[in-house]
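The chains referred to below are lettered A, B, ... by the order of the sequence lines, with proteins before strands, and numbering in each begins at 1.
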Amino acid sequence: MAEDDTSVPSEYFQGTRNSTKRSRQPEDKLEMQTLKKRIEANMPLSIPLTEALRVGSDFFSYDSIELANRLLGCYLVRKFEDGTVVRGMIVETEAYPGTTDVASHTYNGKRTQRNEAMYMSQGTSYVYFTYGMYYCFNIVAKIPGSAVLIRAVHPTHGEERMVINRASKRKAALTRPFKSHELCSGPSKLCIAFDIDKLQFNEQNLIGNNFLWIEQGENIPLDQIVTSTRIGISGAGRESASKLLRFYVLSNPSVSVRDKAAELAKAK
DNA sequence: CCTATGATGTTCT
DNA sequence: GAACATCATAGGA
């Protein structure tokens with residue numbers, strides 16, 4: 001076992017984002033940099049280290065809006081059956097507060113076979129099928145019926161595998177190869193790259209999951225988070241569509257849809 | 001970079 | 001039968 005591994009207490013990173021403030025302590029940051037280097041250097045992460053980085057149940061114990069913000073900068077990690085690991089930083093999310101929101105699948109407390117996951121415990125994965133061929137991946141928040149849609153991830157590890165997964169569904173992949181920022185720049189694109197589907201992951205809790213989980217990540221400063229309207233919900237009506245419930249990391253190339261006006265207003 | 005259009009089939013009413 | 005928390009492609013700037 002490497003010396004680094006034993007020097008990192010497994011509980012050290014648990015709940016660092018769960019304090020009332022978003023900012024980390026300086027010594028916390030230092031350890032994170034060490035871990036980040038290991039990840040970037042493509043070094044195999046030992047099991048204890050991976051466990052140390054994983055978020056626990058408390059991480060998801062917030063309403064969908066706060067959770068959507070807190071997830072930015074965190075890592076989505078997927079381990080395949082063959083042991084390959086892919087990892088990416090979450091850079092775009094949407095909040096679906098639930099029963100009071102027309103755009104939410106649980107509006108008015110609606111309960112169907114499809115949306116059952118949204119009433120399960122915080123940290124549960126809600127994967128649904130849409131437009132005849134795509135999946136969307138959500139994480140259930142604290143309040144029953146609320147969830148966060150993961151809209152974009154920026155690849156940091158295992159890009160080769162992501163390309164293979166994405167190419168299986170794109171005919172022109174050979175003539176027009178993927179750029180890094182095209183691999184996971186949309187809710188269904190990331191599901192294809194990470195091989196997240198309903199059969200494997202709907203209603204599965206991400207806490208303690210061996211194949212899909214969230215790890216602590218970068219602390220995104222508030223002035224780097226753009227707040228905008230959600231995508232693809234015009235059918236829900238103006239009132240719901242105008243709500244500012246989409247959040248993304250300013251200037252990240254993997255963001256699916258940029259809101260120039262919101263970015264300009266923020267720059268002032 | 002941008003906009004327009006067709007694909008596709010589960011899920012719900 | 002209608003709706004759909006989308007994407008790949010073609011073509012223009």
Side-chain angles (χ1 to χ4, degrees), chain A residues 64-65 67-68 71-72 76 90-119 124-141 145-153 162-163 165-203 227-248 251-261 263-264:
Chain A
S64 62
I65 296 174
L67 183 59
L71 278 165
L72 295 177
L76 179 65
I90 296 170
V91 295
E92 182 181 355
T93 57
E94 280 179 2
Y96 286 88
T99 56
T100 58
D101 169 45
V102 186
S104 290
H105 289 170
T106 54
Y107 177 57
N108 257 336
K110 188 169 81 169
R111 205 159 177 155
T112 64
Q113 197 166 20
R114 177 180 69 162
N115 71 13
E116 195 58 32
M118 289 188 75
Y119 294 98
T124 298
S125 169
Y126 170 42
V127 182
Y128 65 87
F129 190 75
T130 190
Y131 289 107
M133 50 189 130
Y134 298 115
Y135 294 103
C136 287
F137 166 59
N138 302 254
I139 302 174
V140 174
S146 72
V148 176
L149 171 69
I150 310 300
R151 275 199 64 90
V153 160
M162 294 183 192
V163 169
N165 289 348
R166 291 272 279 123
S168 67
K169 303 213 175 191
R170 183 199 248 192
K171 210 172 182 186
L174 290 175
T175 51
R176 292 196 310 130
F178 292 102
K179 293 172 182 171
S180 295
H181 70 271
E182 294 172 337
L183 289 169
C184 309
S185 56
S188 299
K189 292 178 188 174
L190 72 89
C191 282
I192 298 168
F194 280 64
D195 189 26
I196 296 171
D197 62 24
K198 187 174 168 165
L199 185 66
Q200 294 179 91
F201 292 112
N202 188 40
E203 300 183 1
T227 302
S228 180
T229 53
R230 292 172 293 180
I231 304 297
I233 57 159
S234 52
R238 251 193 88 114
E239 203 175 306
S240 178
S242 65
K243 290 180 179 175
L244 299 174
L245 294 177
R246 184 167 69 101
F247 310 96
Y248 67 85
S251 303
N252 186 285
S254 290
V255 170
S256 68
V257 181
R258 270 173 264 279
D259 185 337
K260 199 180 166 188
E263 291 182 10
L264 273 170

Q.
Can a donor-acceptor pair be found, under 3.5 Å and without considering hydrogens, that links the side chain of A:Arg246 to the backbone of A:Thr229?
A. yes
Q: For A:Arg230 and A:Tyr96, indicate whether the former's side chain and the latter's backbone hold a donor-acceptor pair under 3.5 Å.
A: no
Q | Nucleotide nearest A:Asn138 (side chain, heavy atoms from C-beta), chosen from B:dT10, C:dT6, C:dA5 | A | C:dA5
Nearest-Å distance, [atom1] ([X]) to [atom2] ([N])?
| X | N | atom1 | atom2 | answer |
| --- | --- | --- | --- | --- |
| A:Phe129 | C:dA3 | CZ | C1' | 14 Å |
| A:Leu199 | B:dT10 | CG | C1' | 14 Å |
| A:Ile233 | C:dA5 | CD1 | C1' | 8 Å |
| A:Tyr131 | C:dA3 | OH | C1' | 8 Å |

Q: Determine: side-chain N/O of A:Arg151 to OP1/OP2 of C:dT6, distance under 4.0 Å, yes or no.
A: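 For C:dT6, OP1/OP2 do have a side-chain N/O of A:Arg151 under 4.0 Å.
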Q | Under 4.0 angstrom between A:Lys198 side-chain N/O and B:dT11 OP1 or OP2 | A |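 A:Lys198 to B:dT11 OP1/OP2: side-chain N or O found under 4.0 Å.
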Q: Would you please indicate yes or no on a ring centroid separation below 6.0 angstrom for A:Tyr135 and A:Phe137?
A: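 Distance test on ring centres: not under 6.0 Å, no.
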Q) What string of B, S and - do you get for nucleotides 8-13 of chain C 5' to 3' if you count protein non-hydrogen atoms under 4.0 Å? A) SS----
Q | Paired and unpaired positions of DNA chain C as dot-bracket, Watson-Crick or G-U wobble under 3.5 Å, | denoting a partner strand | A | ||||.|||||||.
Q: Could you identify which residues of residues 102-118 of chain A place a heavy atom less than 4.0 Å from some atom of DNA chain B, listed by residue number, or say none?
A: A:Lys110, A:Thr112, A:Gln113, A:Arg114
